[in-house]
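Worksheet for the structure shown next.
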Amino acid sequence: IPGKPGDLIEIFRIGYEHWAIYVEDDCVVHLAPPSEEFEAGSITSVFSNRAVVKYSRLEDVLHGCSWKINNKLDGTYLPLPVDKIIQRTKKMINKIVQYSLIEGNCEHFVNDLRYGVARSQQVWYLCSDAGFLLNFLGACDSISGWNSG
């Protein structure tokens with residue numbers, strides 16, 4: 001078993017991290033581009049403004065990449081009760097959601113389900129490095145809501 005229900009899984013893809021939330025029986029929920037011509041969770045999802053919430057076997061999401069359980073925000077936010085995390089997560093399966101690299105990416109999505117807070121440290125680092133431009137545009141101050149209930 002890769003983890004416990006509600007654990008966040010960080011998958012190390014080339015150039016970025018993809019995130020999923022562990023549900024049960026070696027299966028995870030994650031954001032993927034809606035188009036079948038793209039590999040689920042591929043870098044092409046960065047250029048799409050929509051994503052579909054998929055329930056998949058972890059091994060099918062990994063594509064041979066390394067991964068780890070990473071509940072890194074547990075020290076900052078209190079995780080929701082596991083049954084609530086799983087209930088909110090399952091309610092999202094097969095929904096099409098707005099996708100934005102800055103405001104609503106796969107890391108925002110899983111953090112919202114685990115903690116009720118849509119946060120992305122990948123974006124935080126991006127905003128720090130390119131801070132002037134992104135802060136000028138106001139991009140780093142926005143947080144997207146997933147309406148996950």
Side-chain angles (χ1 to χ4, degrees), residues 1-129 134 139-140 142-149:
I1 287 183
K4 300 184 300 296
D7 277 344
L8 302 187
I9 310 260
E10 182 177 17
I11 301 162
F12 300 96
R13 301 263 170 86
I14 296 170
Y16 71 107
E17 288 82 49
H18 185 59
W19 289 81
I21 188 164
Y22 185 76
V23 179
E24 63 204 351
D25 303 324
D26 293 336
C27 289
V28 297
V29 167
H30 66 111
L31 289 185
S35 171
E36 291 305 324
E37 67 214 52
F38 297 143
E39 238 179 48
S42 74
I43 193 69
T44 53
S45 62
V46 167
F47 303 109
S48 172
N49 65 352
R50 292 183 314 146
V52 62
V53 180
K54 288 285 197 190
Y55 179 87
S56 309
R57 288 171 40 90
L58 176 60
E59 114 187 16
D60 295 337
V61 179
L62 292 176
H63 302 295
C65 296
S66 62
W67 62 278
K68 71 176 183 180
I69 293 168
N70 190 349
N71 299 319
K72 64 185 174 185
L73 295 180
D74 280 11
T76 307
Y77 302 106
L78 186 66
L80 297 169
V82 171
D83 58 338
K84 184 162 175 84
I85 295 171
I86 298 307
Q87 175 190 10
R88 296 171 90 222
T89 300
K90 286 184 170 179
K91 200 190 294 185
M92 296 300 293
I93 294 169
N94 294 325
K95 287 195 176 171
I96 293 178
V97 298
Q98 287 296 307
Y99 179 92
S100 156
L101 179 64
I102 301 292
E103 296 178 26
N105 64 35
C106 56
E107 188 178 2
H108 288 103
F109 177 72
V110 297
N111 282 325
D112 186 41
L113 290 170
R114 182 171 174 83
Y115 306 105
V117 179
R119 280 279 309 273
S120 170
Q121 290 190 314
Q122 286 182 96
V123 171
W124 187 85
Y125 292 127
L126 170 70
C127 290
S128 302
D129 294 346
L134 290 171
C140 297
S142 348
I143 292 182
S144 174
W146 294 104
N147 299 322
S148 50

Original post:
Parallel under 30°, tilted from 30 to 60°, perpendicular over 60°: which one fits the rings of H30 and H18?
Top reply: perpendicular

Original post:
Residues two or more places apart in sequence or in another chain: which of them pass salt bridge (Lys or Arg N to Asp or Glu O under 4.0 Å) with K68?
Top reply: none

Original post:
Between CG of N94 and OH of Y55, what distance do you get to the nearest 0.5 Å?
Top reply: 11.5 Å

**OP:** Kindly say whether D83 contributes a backbone atom to a donor-acceptor pair with the side chain of R88 at under 3.5 angstrom?
**Re:** no

**OP:** Start with the C-alpha gap between Y16 and E107, add the side-chain angles, then the distance that decides, and say whether side-chain hydrogen bond (donor to acceptor under 3.5 Å, both in side chains) holds.
**Re:** CA-CA 11 Å; Y16 71 107; E107 188 178 2; over 6 Å; no

Original post:
So, do Y22 and L8 sit near enough that their side-chain heavy atoms are less than 4.5 Å apart?
Top reply: no

Subject >> Steps toward side-chain contact (heavy atoms from CB on, under 4.5 Å) verdict (I93, K54) >> reply: CA-CA 6 Å; I93 294 169; K54 288 285 197 190; over 6 Å; no

Original post:
Does N111 reach the main-chain N or O of H108 with its side chain, forming a donor-acceptor pair under 3.5 Å?
Top reply: no

Subject >> Short side-chain to backbone donor-acceptor contact, N71 and D74, under 3.5 Å >> reply: no

Subject >> Shortest non-hydrogen separation from F12 to C65 and the atoms involved >> reply: O-CB, 3.3 Å

Original post:
When you measure from the side chain of R114 to the backbone N and O of G6, does any donor-acceptor pair fall under 3.5 Å?
Top reply: yes

Subject >> Which residues share a side chain to side chain contact (heavy atoms under 4.5 Å, CB included) with L62, sequence neighbours left out >> reply: I11, L58, W67

Subject >> Option among V61, I21, I86, V110 that satisfies the side-chain contact (heavy atoms from CB on, under 4.5 Å) test with V29 >> reply: I21

**OP:** Calculate, to the nearest 0.5 Å, the distance between atoms OG1 and CD belonging to T89 and Q87 respectively.
**Re:** 9.5 Å

Subject >> Test: K90 and E24 ion pair at under 4.0 Å >> reply: yes

